[in-house]
Amino acid sequence: WQWAGRGEVVDASAGLLAGGALLLLAALVVSARDPHPAPRRRVTWFGLVLGLAGGVLLAGLQQLPGAMALPVGAVAVVVVIGQELWFRSVLLSRLGVWWSTAVWIGVVGLTAPVHAAVSGLVLGGLSHRHGVLVAILAALIWRVAG
């Protein structure tokens, strides 16, 4: 939308909500149609602690110059769940951590590629090792505390 000259749509809460909802819907449709779903991981206490630590780390990095802009409020919840299901579940299961992070940088983090690379690797690594719920937890903490 920004490249098409409609940056105000992206800046508006309604635009972010629509984008998050579309990612969420796309992830659910692909997951429902996938004959070989990703293995389910049991959420452990260790994974939850790592998710909390990852969220706090990303929130701390948010204070540095060149950080990614974050949605806030109720809109952030839909955006976070949509992004994490799409990037850290659907794409990660098909492309792996490195390539799904590269797509994350290209789609979400072009204005802050270093920050996007760190956040993509942290969230992708959490999802790969401990499941997408842990990545969602970390991303929510990042948004709330960042």
Side-chain angles (χ1 to χ4, degrees), residues 1-3 9-11 13-146:
W1 284 337
Q2 285 175 323
W3 293 339
V9 175
V10 176
D11 293 334
S13 292
L16 287 173
L17 184 61
L22 285 172
L23 282 174
L24 178 58
L25 179 62
L28 293 175
V29 168
V30 169
S31 296
R33 295 182 57 129
D34 191 349
H36 306 291
R40 301 264 181 227
R41 290 181 179 83
R42 190 171 56 89
V43 177
T44 63
W45 282 107
F46 182 65
L48 290 175
V49 169
L50 284 180
L52 176 64
V56 169
L57 169 70
L58 293 175
L61 293 176
Q62 194 66 28
Q63 309 308 317
L64 297 176
M68 296 169 61
L70 295 179
V72 295
V75 171
V77 174
V78 175
V79 171
V80 164
I81 293 172
Q83 283 182 342
E84 295 314 305
L85 284 179
W86 184 253
F87 288 99
R88 265 48 98 174
S89 182
V90 173
L91 287 184
L92 188 135
S93 68
R94 287 156 178 75
L95 303 176
V97 174
W98 292 102
W99 282 107
S100 65
T101 298
V103 174
W104 166 258
I105 295 166
V107 172
V108 176
L110 278 179
T111 59
V114 173
H115 193 265
V118 172
S119 63
L121 290 172
V122 167
L123 295 172
L126 285 171
S127 182
H128 180 70
R129 298 282 301 183
H130 302 284
V132 72
L133 291 178
V134 172
I136 290 172
L137 171 68
L140 285 172
I141 292 168
W142 174 26
R143 265 49 171 212
V144 169

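Only heavy atoms go into these numbers, but all of them, side chains included; no hydrogens, no water, no symmetry mates. No experiment lies behind these values; they were computed from the predicted model shown.
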Partners meeting ring-ring contact (aromatic ring centres under 6.0 Å, His included) with W142 (sequence neighbours left out): H115
Closest non-hydrogen atom pair between A116 and G109, with its separation: CB-CA, 3.6 Å
Ring pair (Phe, Tyr, Trp, His ring centres under 6.0 Å) pairs, two or more places apart, involving residues 88-112: F87-W104
From CG (L61) to CE (M68), nearest 0.5 Å: 11.5 Å
Any donor-acceptor N/O pair, S89 side chain to W86 backbone, under 3.5 Å: no
Note, L57 side chain near V122 side chain (heavy atom, < 4.5 Å): yes
Gap separating the CZ atom of R143 from the CD atom of Q62, nearest 0.5 angstrom: 8.5 Å
Exercise: identify the closest heavy-atom pair between V80 and A139: CG1-CB, 3.6 Å
Nearest heavy-atom neighbours spanning A117 and T101: O-CG2, 3.8 Å
Side-chain donor/acceptor of S127 to backbone N/O of L123, under 3.5 Å: no
Spatial distance of atom OG1 (T111) from atom CD1 (I105) [nearest 0.5 Å]: 12.0 Å
side-chain contact (heavy atoms from CB on, under 4.5 Å) between H130 and V43, intermediate numbers included: CA-CA 7 Å; H130 302 284; V43 177; over 6 Å; no
Taking every non-hydrogen atom, the tightest pair across G54 and A138: C-CB, 4.3 Å
Reported CG-to-CG distance for the pair L126 and L92, which is rounded to 0.5 angstrom: 11.0 Å
Of all pairs that satisfy salt bridge (charged side-chain N to carboxylate O under 4.0 Å, His left out), the ones with a partner from residues 83-93, not counting sequence neighbours: E84-R88
Nearest atoms (heavy-atom pairs only) where L52 meets L137: N-CD2, 4.2 Å
